[in-house]
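Report on the following structure.
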Amino acid sequence: MYSRLLIGLMPLTLSVGCLVLRAEPVRDFSQAIYLDSLAEISFAEGDIERCTALWREAASIAEESAVTEEDSLSHSGFLQSLGVCYRRMSMMDSTLYYYNLAWDIIQHKSSPYAVSEKTRLLTSMAILLTFMGRDEESMQYAERAMDMAGSCTDMEMVMYAATNAGGIYARNGHFDKGSKVLREALIKAGESGLPDKQLSALTMIVSMFNLAGERDSVDFYMSRAEKLVDQLPPESVAVLGYLEAQASVLRSMGRYAESNAIYSRLLSASGQNSSVREDAGYLTMARNYADMRQWSDAADCYEKAYAAMDSIYNEEIAAQVSEWSANTDPPRRSWKSPVCRRRP
């Protein structure tokens, strides 16, 4: 599918390249939309460097050429996508920078499209807070995102909010609530026919049952997930997320060497396309080595985990997150919304 899309967009890509050769290149909003389409494909394939460059250029064009409110909201979407890319590169300060720029655009808008973008940003912020270990705050953002998604007809947005909220609920021990949300998300993902959305929902369900110690359910949902992995690019966000869950399951089964092999692969992409938090990944590897009585390797991983904590939990970034939360925490009634519609 991606190759067909790329072929269809190739004439545009060539034309954009030709425009650069002119003395006075013409930059209009339609170019930003096409670059966004190319970036989405690169993101789905796991090419974070390329999609970051494309979204940065799309945002630059949008900043210059946005005219309508719809243009501005699309611009916000480009900025949010950049924030997600930088989170996957473990660059939290840049993530917050782009989330703030996006929030500045959408905070006072109330159209259905604006509500959809706010839902997306609330969910992305919940994920960031989970990544930073601020679980109570991540729960609050997940709740707000779910409130807003409740009236949304954009199924992709509903799945994004629900899948991540369900995972956050389960992570915090709310298994009944997490199970209900995730099962509903899985049904919607199945109806969508999108394998990446289905795999993301299954990954969260596998993690939930692993935390709950329900081995039979873990095996059942992993077998379903494995069939989807082969349908997606190996470096895609959905596949890497599943591998992290698989590594955790293998550790719980006592298969420490296999678990570490997966964590090593995931951590090798740290700073480029991270699906696992560095400190948590190295800490789990250290415990795996310790359980195998490989003390030297365990000590090395403990040191790496400790060093990684500085970049994730440093006071400056923590203060920025707290300020962001304070600035985006209006009374809940102000977040009530009309029906969302699919982004054009």
### Message
Y289 vs S296, test: side-chain hydrogen bond (donor to acceptor under 3.5 Å, both in side chains). Steps then yes/no.
### Response
CA-CA 8 Å; Y289 280 126; S296 177; over 6 Å; no

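- With hydrophobic clusters built from ILVMFWY side chains whose heavy atoms lie under 4.5 angstrom apart, L82 shares a cluster with L101.
- Because its NZ or CZ atom is not both nearer than 6.0 Å to the ring centre of Y221 and within 45° of the ring axis, R224 does not count as a cation-pi partner of that residue.
- With respect to K188 and E191, no salt bridge is recorded, no charged nitrogen being found less than 4.0 Å from a carboxylate O.
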### Task
Check the pair R134 / S138 against side-chain hydrogen bond (donor to acceptor under 3.5 Å, both in side chains), numbers first and verdict last.
CA-CA 6 Å; R134 297 171 66 154; S138 73; over 6 Å; no

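- I168 and L122 sit in two unconnected hydrophobic clusters of ILVMFWY residues. Membership requires side-chain heavy atoms under 4.5 Å apart, directly or through other members.
- The residues E235 and R265 are annotated as salt-bridged, a charged nitrogen and a carboxylate oxygen being separated by less than 4.0 angstrom.
- A donor atom on one side chain and an acceptor atom on the other are found under 3.5 Å apart for R50 and S42.
- No continuous path of ILVMFWY side-chain contacts below 4.5 Å connects F175 to Y169, so the two sit in separate hydrophobic clusters.
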#### Entry: side-chain contact (heavy atoms from CB on, under 4.5 Å) assessment of K180 paired with D176
CA-CA 6 Å; K180 181 177 183 296; D176 289 343; over 6 Å; no

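- In this structure, the ring of Y86 has its center less than 6.0 angstrom from the ring center of Y98.
- Residues I48 and F131 share a single hydrophobic cluster, defined by chaining ILVMFWY side chains whose heavy atoms lie under 4.5 Å apart.
- Using a 3.5 Å distance cut-off with no hydrogens or angles, the side chains of T123 and N164 do not pair a donor with an acceptor.
- Taking CD from E226 and OH from Y242, the interatomic distance works out to 3.5 Å, rounded to the nearest 0.5 Å.
- Of the N and O atoms on the side chains of Q80 and S124, not one donor lies less than 3.5 Å from an acceptor on the other residue.
- Note that the OG atom of S111 and the NZ atom of K118 stand 8.5 Å from one another [nearest 0.5 Å].
- With salt bridges taken as basic N to acidic carboxylate O contacts below 4.0 Å, one links D219 and R215.
- Panel note: side chain N210, backbone V206; no donor-acceptor pair is recorded below 3.5 Å.
- K197 and E156 are joined by a salt bridge, as a carboxylate oxygen and a charged side-chain nitrogen come within less than 4.0 angstrom of each other.
- A continuous path of ILVMFWY side-chain contacts below 4.5 Å connects V239 to L250, so both sit in one hydrophobic cluster.
- In summary, D300 and K304 engage in a salt bridge, as defined by a charged side-chain N under 4.0 Å from a carboxylate O.
- Counted by atom type alone, S60 and R56 present zero donor-acceptor pairs between their side chains at under 3.5 Å.
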